[in-house]
Amino acid sequence: MNKKTGILVGAIVVLAALGVWVSLDNKASDPLAEVLDIASPLEISGLEPAKSGYLFTRMQAAETLFIINRERQLVPQLVENVEVSGDGLDWRMDVRDSVMFHDGTPLTAEVVATNLRRALARPGVLQNTPIDEIAVDASSVVISLREPFALLPAFLAHYSTLMLAPSSFNEAGDITAIVGTGAYQVNEVVPPLRIELSAFDDWWQGRANIEQVRYLAVPRGETRTMMSQSGDADLTLSLPPVATEQLASDPNINLQVVTIPRTRLLKLNTAKPFFDSAQERQALSLAINREALARVVMRNPDLAAEQLFPAAISGWSNRQLAPLEYDPQRARDLLNEAGWTLGDDGYLSRDDQRFEVTLRTYASWPDLPLLATAIQNQLAEVGIDLAISVGSYTEIPAGHQDGTLDLALITRSFSMVPDPLATVMEDYGPGGADWGAMNWVNDQAFGLIDQLSVSTDADARDAQLQQLTTLLHAELPTIPVVWSELAVAASKRLEGVYVDPYEQNYYLSDLRWVQE
Amino acid sequence: MKQRLMLRLMQCVAVVLMVGTLSFALMVALPGDPAMRIAAGRYGPDMMNSAIADQVRAELELEQPLAQRFVVWMGDLLRFDLGHSLVTGAPVVDEIGLQLGHSLMLALLAFAISLLIGPTLGALAGLMPGSWMDRTTLVLATALRAVPPFVLAVLMMVIFAVTLRWLPTAGFGSWQHLLLPAITLALGLAAMSSRVMRDAMVRVTREPYFAHARLKGLSDRAVVQRHGLRNASLPVFTYLGLQLVYLVEGVVVVESIFAFPGIGHALVHAIIARDVPMVQGTALAMGGLFVVLNSLVDLGCVQLDPRLRRAA
Amino acid sequence: MSALIEIEQLTIKTADGRPLVTDVSFSIHAGEPFCLVGETGSGKSLVMHALMGSLPDELRCSGQIRYQKENLLALPAAQRRAFWGRRFALLPQEPWLALDPTMTVLDQVAEVLLALEGMPLGQARKLATTELSVLGLGDNLLSYPFELSGGMAQRVSIAMARIAASPLLLADEPTKGLDKALCQTVADLLLTEADAGRGLLVITHDLDLVAALGGRLGVMRDGRLLESGVTEPWLKAPTQPYSRELIAAMPQHWPRPQTKVSAQRSEVVQAQGLSKSFGDRHLFSDLDVTLREGEVTVVLGPSGSGKSTLGNVLTGLLPADAGQLIWPESASPLKYQKIYQDPPAAFIAHQTLRQSFDDLLALHGLEPARLNHLLSELGLAEALLERRPSGISGGELQRLAIARALLLEPVMLFADEATSRLDPVSQKKVIELLLAEVAERGLALLLVTHDPALAERIADQLIRLDQQPTDAAAQQQAA
Amino acid sequence: MSSTVTLPADVLSEHPASSFWTLSRLAGAIILLMLALFAFLGPALIEADPLSQDYDAVLVAPGDAEHWLGTDQFGRSMLARLTHGARLSFVMALLTAASAALPGIALGILAAWRGGWVERLLVASSDVVLALPGLLLVLLLLAFSPGSFGPLYLGLALYLWVEFFRVARIEAARVFTQPVVEATLRLGFGWGYILRRLLLPALAMPMLTLFAFAMGSAVVAVSTLSAIHVGLRPPTPELGAIIVELMPHYSEAPWQVLMPATAIFLLVLSLQLFAGAKPR
């Protein structure tokens, strides 16, 4: 028996010794040769740009023709001298000189055209553009449109249009490797969790400072928070709101929080009797205590959505709009006016129909079920019986298509294509969209969207935007709930961290280890 | 023994058929349009629309009658064509191949650690039934079973990664990365095996051969070592078969918390994304893993128990 | 000759002062067997464990046990324990249960040397091999206990005891569970040890063994040593009434039953050309048996010969592989009752006997008076019914089992080794009762036994199943 | 170490047989009773609504004058959520374990009784179920009616019955080989009597132990399912789901995370103490 105790104690001692050794082993290495560890919730679901391209652009492995710069302007990246013909149908752009792929081959107009044609032929955002033909003229690419389309550069900044070397593809046209033009070349991809990269010597903007980078997808917020605390991750992205307070006081961590062009909103089926009048939708909006949601769930009261577009989206955020309010009494009154009367059970009904709806949401964003739980409680205050179904995100487009959806709590980014118009056009245009309005018909809005997509005149555009945002604010085809922010924790050993609100680029090439 | 292995083989086949049928049922039963789900999986929620879904529908012949689709589905399965993941579009077999290796490593390490802890504590408790040691292990084992594995995982991370900084929090690639998830899994396993071992040990100490070993002059230590442990291990080993379920199930949660790319992780994601071919593939892999590990347990039992060995 | 062990005024009490053994004194001499005889519960086992030093802590010992001038009872436990194996070697009861089922015979013998003398394994194995070969187990060195017959297991335990060359050998019921035929063999083995100059203490209720060993003996009852002396004269002329009772209980001393009136008796079961085998183990074939009312049929044979199986076939509990069985048309299976070898195993353990009997009476609509009558006829106190099966002695329980069977007024009773686990006095009582019932009620009795003396004494019809048992099967214990 | 001598029963027969109410069994019963009071009287006695949110009192630490056990991330009373959660979890765990135990035990007895191909078939199918990931079963059933209790618990039961089956089969087979079965039948009693008087009493204790573990497993499984967002719909207070919801707040509100876990722990512990034996 003593022996057994001995074994036990021995095992514990050995384990402890191992632990100490491991931790010494970890810290002893040369700081300059150290690997930059990045932890993010996003998993690598394959090499296809339409699926995981955003990872490769963010990691600066591959680049797009255009990019949003730090001043939030859309500027050419891999092209220069962009010229548009007088009728707005032909776009000519010169491919930037001396851009090399990681395999040593140059970026040519031919390669650019091949990549664009491929993107056009596959499901992806380019299919939403009126591109007619892509041609090559010496070192230029010429894109011909069927109709004028001011948004083209924005679409060409979308990750699905990133540029890959011919050696990335096999004969069948499938991607077998990511050979891009970025600051870092991909050494290994272990789907769905890891990418290893190293600095590319011949990057056209000059070599990056940090030699080795390792990307690890860590789906759970708690784990990411702890990786940041323990120093296992040098750069941790998308920290859960709960963690920010915890990390803000951590002496080893610089915490940066930026507002991003993304809004959590309620998508309403305006064909349902519950939401078919603007009055009812306004009542619903008044019943939601956004300040509390922002404070309790998002941990930042400033994130209460005063309107659809957060202030970060210049031009779209309309300062003249009165912020969306919380006034449950007015909500009750409005619902009363719309014919809904409170029953003995504390819930509304009209013509024997109970105000009983199911809200669909999904857990890919951990705060959505929480927001839903709080909204459920708040709507119950005005007599709305809301059931919550947390499922797969696919159930929302599915419900949109087959019409079974009552309402959904979703998150929508306005920067997938860096110009929000691309998203608005789809979401609030005729017919609505899976992730936008549902059965909402408003000819005035449709007309404004049409005009915006072709207008190039800045003043006219401003006026149209003003009108459109006012209209959406009053009509509420979707009800904004809270805005979003992106919290990034960086180790204090890192400097030069910049958090891109458009989440296009982590700017790894600017990072450097603090010299001691 | 041959007969037992044959039985295991048959079990394997039955598992394949069951998983296939259940997966097909799942495919059909899940709410919403399968084409839509597949499209959403492939191109992401922000990109998906009904036009793409129609392309998928045509491509996968989802319009065929149910019975015909079932026959095709099972036919594919029996030819080990597990199809393509709805999310990544990669062949399921390729994805699982990678993940299975990781999971197997994790499972085996967890298994080994649990064998180190559980039976040791169990044997100590069993040699002193009613002692503080016995009571403590009972409470500890119950607590470990009553705490959901993910809570345990977070606890382990807080202690060993954040506070002590002995081990990496999450990730994979080195044996250090394996330790925390393996210990988390092992604790749950050890909780159960310690109780089984404890009971077995109590029973063994009441056996006449145990008493006689002392009377013939062996020291307590020698009695326990030579006659107690092996005999008490027999039921523990047999019970391992059942425990493996816990291991295989535990892998699911633990892997996703530790960002470990195993089949459990894949199953969770497949479930969240309703990626039925991947659900099927991972379920098959887990079923197969279970059967294989169980066959190993069978072999181990035979090694341990001469009665079975001679019968072989 | 000076005594190896002297026990004086040994008294063992429970923690609450209840005496279990009172004032026992005797001595054991080297080279001369000493048998302690008595029924279960007489305290003989306690005396042996007091000598060994392996009594449970809650029992209190007083008196003296002297070994080499030292009072063992005064020594600390650790020191007494150091004697185990070195000074005192114990032959366990039912040795097949005392062997580790997962270790080879060779290693179990060799490990004694490992433990006692710190001998290297190779050398220990070599010595153990020699020892086992001497005992005729040369071919079974690498066997596991489940592959041994009872006799072989007994020899393995003797090898373990011998190899340490301890001066005193304690044998606890060495013939328990073994066929009668092996009794002489066991005695010979033990005598060899005594002849080698060892002290030998044998605890037993088997007087055949006592007779074969000779030497000296002590008779115990209710915790007291009634008498002690040299065995041979005692067997011929016991002085104490209890001793006389013991000796009279040996089947060969039973009075010959009167020859029965050979009236025409009706058959209760008639079997022709019976055969039965289990797997590839062949038990019997082409057997003709007829059981008649008022007749005692004994099936005699060694363990594993299929005698119990034959009984089960004749009682209708097992189907035969081949052959014809004829029961009288009116006979219900209820009229063919069985008495089991291990009485507690035939009763529902967790309920009182009263409950079991009440259920039975209710089931068949019987008068409680009948039971009371039967109980008094079988010499059983009604108060026994308030206990559970584990709370009363084997002999009493076996008589209750007979009462239970008789309640259903059977035409045949199948007693399957029904007395082999009982001490001779209880055995005699049970057999007498059974014979009385046969005579009185005219029922057919089928008795299965391995004791030829018993068989000869009572059989009207004797069936021998002599087929050699396959060794492994013989003493295979239920796992 | 236990004693080396097993004394003959009649030597110590005067000693009172250890009674049913051992110390640990008593302790188990007391804890169980207190939990039951908490779960079943609590909701009636505590006025706080487990669903009512108070954004001005979020994650209040336990010991507060107004909220004894503190509040959760929505300012809901932990005390109210725990009592309601305990009631739901216990009832559902009981139902699950019962719906796993009944068929499991019945089939186990059937297999041991009939033997032959019936037994082989049952054993084979239990092996197959065992090798199926339980998640798949639960998921399949949930697909038919998402977020509801029925399929969730049925799915768990479908997967928990195997353990009952295995143990019941082995125990029953052991009982069936005892001579007492043959003897009882020969005395004219039927199988019903054997079932009632022999089999069920022999099965009671091991089954109770398994039952305790199955109840624990059910609650833990529900929480595991909640962790991957398969299972109950918010805001239902259920112990496992409460743990999952509060998990992200582990550093701000560790007590709140521990409370539901403690309730599950006490439930399993008390049942186990009461059953007095361990799983086999």
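Just so you know, these numbers use all the heavy atoms, side chains as well, and skip hydrogens, waters and symmetry mates. This one's a predicted model, so the numbers in the text were calculated from it and none came from an experiment. Proteins come first, then strands; the chains are lettered A, B, ... in the order of their sequence lines, and each starts at number 1.
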Handout entry: Residue part contacting chain D, namely of A:E245, when any heavy atom lies under 4.5 Å
Key =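 Only the side chain of A:E245 comes within 4.5 Å of chain D.
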Exercise for the section: Would you mind checking which part of A:A387 comes under 4.5 Å of any heavy atom in chain D, side chain (CB onward), backbone (N, CA, C, O), both or neither? Expected result: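 The side chain, not the backbone.
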Exercise for the section: Could you tell me whether A:K267 and A:D434 make a salt bridge, using a distance below 4.0 angstrom between a side-chain N and a carboxylate O? Expected result: no
Handout entry: Shortest non-hydrogen contact between A:P328 and A:V382, atoms and distance
Key = O-CG1, 3.8 Å
Problem - Minimum heavy-atom distance D:L59-D:Q256, with the two atoms named - result: C-NE2, 4.0 Å
Exercise for the section: Look at atom CZ of A:R354 and say whether more than 12 heavy atoms of other residues, nucleotides or ligands are closer to it than 6.0 Å. Expected result: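 Above 12, so yes.
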Exercise for the section: Scan side-chain atoms only and decide if A:R299 and A:T244 contain a donor-acceptor pair under the 3.5 Å cut-off. Expected result: no
Practice task
Counting only heavy atoms closer than 4.5 Å, note whether D:Q53 contacts chain A via side chain, backbone, both or neither.
Solution key: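 Contact with chain A is through both the backbone and side chain of D:Q53.
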Problem - Proximity of residues 216-225 of chain A to chain D, residues having a non-hydrogen atom under 4.5 angstrom - result: A:R220, A:E222
Practice task
Give the ring-plane orientation class for A:F275 versus A:F355, where under 30° counts as parallel, over 60° as perpendicular and anything between as tilted.
Solution key: perpendicular
Practice task
Sort out for me which residue in D:E238, D:E245, D:M259 forms a side-chain contact (heavy atoms from CB on, under 4.5 Å) with D:R81.
Solution key: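 Option passing the side-chain contact (heavy atoms from CB on, under 4.5 Å) with D:R81: D:E245.
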Problem - Residue of the set A:I388, A:L409, A:D385 for which side-chain contact (heavy atoms from CB on, under 4.5 Å) holds with A:Q376 - result: A:I388
Exercise for the section: Could you tell me which of A:T373, A:L293, A:V297, A:L370 has the largest number of non-hydrogen atom pairs under 4.5 Å with chain D? Expected result: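 The residue among A:T373, A:L293, A:V297, A:L370 with the greatest pair count is A:T373.
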